[in-house]
2 protein chains.
Amino acid sequence: MRDAYHEELDAIGDGLVEMARLVGSAMGRATTALLDADLALAESVIAADEKVDALHHELENRAIDLLARQQPVATDLRIVVTSLRMSADLERSGDLARHVAKLARLRYPDSAVPRDLHSTILEMGQLAQRLVAKAGLVIATKDVDAALELERDDDEMDQLHRELFSHLLDDRWHHGIETAVDVTLCGRYYERFADHAVSVAKRVVFLVTGEHADEFVPETR
Amino acid sequence: MRDAYHEELDAIGDGLVEMARLVGSAMGRATTALLDADLALAESVIAADEKVDALHHELENRAIDLLARQQPVATDLRIVVTSLRMSADLERSGDLARHVAKLARLRYPDSAVPRDLHSTILEMGQLAQRLVAKAGLVIATKDVDAALELERDDDEMDQLHRELFSHLLDDRWHHGIETAVDVTLCGRYYERFADHAVSVAKRVVFLVTGEHADEFVPETR
């Protein structure tokens, strides 16, 4: 049987997995709202982000409470501190999904994304969702291989982001400046979302192996 | 005389103030590099970000070490945990200054920012620098009034950001898509930089007053 300390630590882990699930779902739905110009769906994503924020605060309070009551040291201490950081990563991911939904709402009844970019944005949205789902799995299983895979998956996001820019900077771009601005911001939201998923996975790698992957710096333009 | 615990806490505080100074200087120099298309200056900002990252890691390690050795509770515990967060905010601010410098480098020998936007970007850069300088002061002095002022100062950044967008979306925009993309990203970097400065100040307010300013959500599009 596990002691109260480890039970509480498990509960915090479960909370993080739940946050990953929520923000993955939010990013998936935000992408659909963006591409389909679905106002109701966009509104629901925006409203649901409160739940992510609430969970973040709850986990923070539990982690700090655990530090105060149990005064962990060494690895146990690192786990709690790392949980605080993962919670912050996931909370910020939720904000980014909300940003995508707000862009959908802003341009309703139009879609902020022109038709010829739909497939790239759809891929970015789906990849973002897969990345954070994998990050959630990594939190749950401490699977270092899956965590390292996540970094490679992120290369795919960089590739999609470059694809988006090559559309934007193509001489045949005829969607005007406002759409270029929207697409630029949108691309950045997906990219940052992916960065946070990778960051979560890296933190797990560090906890399990004790090795700081210092060579990893999420690099965006 | 202060005990070892509080001396160490003061040292962490000093480190945070130093980080704020470094990232403020970086953002100021990045802005100059951007407007003057100064490659050497841009390179120096990019290289100097390593120092901010190193300081961040050092402060993290000291804070975790303090938690392990001293096992603080209540307010003392909150101070250490909050220091970790402020360090993360400032580390990210350094990244954003580096992003601005990288944009300057990318477009060299041209300036990424067209002449008619120079004054707006200059103002954003200067305001960003003032905001993080004030955040540094707030860390050093625990001055709640100054911290609350910072939120109002941030409204000015939002105003400048809107001004930037109105230029971008003006029918007379004739700088093409690439420049629109650059200016969009640039605007976002300054805005996020300001958000992190405000976030630092809010954390100090919470530490001093114990009140979570939950109504405050840094809102960006």
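Chain letters run A, B, ... following the sequence lines, proteins first, then strands; residues in each count from 1. Source: prediction; values computed, not measured.
Within 6.0 Å of atom CG in B:Asp155, more than 12 heavy atoms from other residues, nucleotides or ligands are found, so the atom counts as buried in its surroundings.
Both the backbone and the side chain of A:Ile64 come within contact range of chain B, with heavy atoms under 4.5 Å apart.
To the nearest 0.5 Å, atoms CG (B:Leu185) and CG (A:Leu185) are separated by 7.0 Å.
B:Glu178 and A:Leu169 make their closest contact through CA-CD2, 3.4 Å (heavy atoms, listed as atom of the first residue, atom of the second, distance). Nearest heavy-atom pair, B:Leu96 versus A:Arg188, reported as atom, atom and distance to 0.1 Å: CD2-NH2, 4.5 Å. Nearest heavy atom pair, residue B:Ile177 against residue A:Gly176, reads CD1-O, 4.1 Å. The minimum heavy-atom distance between A:Leu84 and B:Arg85, with the atom names listed, is CD2-NH2, 3.7 Å.
Considering only residues two or more places apart in sequence or on other chains, B:Gln71 meets the side-chain contact (heavy atoms from CB on, under 4.5 Å) condition with A:Gln71, A:Val73.
Between chain A and the options B:Val100, B:Leu168, B:Val183, the largest number of non-hydrogen pairs under 4.5 Å is found for B:Leu168.
Identified under the salt bridge (Lys or Arg N to Asp or Glu O under 4.0 Å) test for residues 61-77 of chain A, with sequence neighbours left out: A:Glu8-A:Arg62, A:Glu58-A:Arg62, A:Asp65-A:Arg69.
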Could you tabulate the donor-acceptor pairs under 3.5 Å formed by side-chain atoms of residues 36-46 of chain A, not counting sequence neighbours?
{"unit_1": "A:Asp38", "atom_1": "OD1", "unit_2": "A:Ala40", "atom_2": "N", "d": "3.2"}
{"unit_1": "A:Asp38", "atom_1": "OD1", "unit_2": "A:Leu41", "atom_2": "N", "d": "3.0"}
{"unit_1": "A:Glu43", "atom_1": "OE1", "unit_2": "A:Arg105", "atom_2": "NH1", "d": "3.1"}
{"unit_1": "A:Ser44", "atom_1": "OG", "unit_2": "A:Leu41", "atom_2": "O", "d": "2.7"}

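Using a 4.5 Å cut-off between non-hydrogen atoms, no part of residues 26-35 of chain A approaches chain B.
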